[in-house]
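Okay, so here's the structure we're looking at.
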Amino acid sequence: MGNSKSGALSKEILEELQLNTKFTEEELSTWYQSFLKECPSGRITRQEFQTIYSKFFPEADPKAYAQHVFRSFDANSDGTLDFKEYVIALHMTSAGKTNQKLEWAFSLYDVDGNGTISKNEVLEIVTAIFKMISPEDAKRLPEDENTPEKRAEKIWGFFGKKDDDKLTEKDFIEGTLANKEILRLIQFEPQKVKEKLKEKKL
């Protein structure tokens, strides 16, 4: 981070973030202060990220999903998130263009990072999502998507792939843009999280 100890965000990082996100200098500076309060080292470890994420889901188990989200945000794969990675991730998942969000979703579902998604990887992420759905909400799910297996099957079916096929990023993005149902099935963005992110920024 270069400047993380001084409590001020370096000019270069500030300019880069303003260029790549729609956040203002004021917002970024405020967030940076709260980021340093939570993470004095200027970096979030996987464990700290899970702890922060868990606060959003007191009645669920978000650990598995948080690990996948962390992996997809850790751009340089060093096992920590610096402020820049954190803000760009926040932007992409909350305010980014649809294509940016889908690129991120692809990296979330590409568990082994090999550039394609298998049906098993879809099931792994969907299973992690299901651990965060409250029992009441789970009861309200349609019959054909009320278990991780059924939902993964439904997603895979929409892409028209055989069980052992793979999805490229292009297939994934085009398929999802062409079918809003896929978008609904692959996402997990409860209103509660969005509200908390707006309030806390962390």
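- Listed here is the closest heavy atom pair of E48 and R43: OE1-O, 3.4 Å.
- Minimum heavy-atom separation, H68 to I125: CG-CD1, 3.4 Å.
- For the salt bridge (Lys or Arg N to Asp or Glu O under 4.0 Å) condition, no pair includes a residue of residues 103-115, sequence neighbours left out.
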Could you go through E153 and K150, starting from their C-alpha distance and side-chain angles, then the distance that decides it, and tell me whether this counts as salt bridge (Lys or Arg N to Asp or Glu O under 4.0 Å)?
CA-CA 5 Å; E153 196 65 53; K150 286 181 188 172; over 6 Å; no
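- Summarising the geometry, atom NZ belonging to K11 is positioned 4.0 Å from atom CD belonging to E15; distances are rounded to the nearest 0.5 Å.
- Considering every non-hydrogen atom in both L28 and Q18, the closest pair reads CD1-CG, 3.7 Å.
- Hydrophobic clustering keeps W156 apart from L123 (ILVMFWY residues linked when any side-chain heavy atoms are closer than 4.5 Å, directly or through intermediates).
- A centroid separation of less than 6.0 Å is found between the aromatic rings of F35 and Y86.
- Ring to ring, F23 and W31 are close: their centroids are under 6.0 angstrom apart.
- For the residue pair N120/S118, the side-chain donor-acceptor check at 3.5 Å is not satisfied.
- With sequence neighbours excluded, the residues that form a ring pair (Phe, Tyr, Trp, His ring centres under 6.0 Å) with F70 are F49.
- Within the 3.5 Å criterion, the main-chain N or O of L81 finds no donor-acceptor partner in the side chain of D74.
- Side chain of N179 to backbone of T176: no donor-acceptor contact under 3.5 angstrom is found.
- A donor-acceptor contact shorter than 3.5 Å is absent between the side chain of Y65 and the backbone of V126.
- Under the 30°/60° scheme for interplanar angles, the aromatic rings of F73 and W104 are found to be tilted.
- To the nearest 0.5 Å, atom CG of residue L167 and atom CD1 of residue I155 are 10.0 Å apart.
- Using a cutoff of 4.0 Å between basic side-chain nitrogens and carboxylate oxygens, E145 and R184 are scored as salt-bridged.
- Applying the salt bridge (charged side-chain N to carboxylate O under 4.0 Å, His left out) test between K119 and each of D163, D165, D164 identifies D163 as the sole match.
- When all heavy atoms are compared, the tightest approach of R71 to S107 is NH1-O, 2.9 Å.
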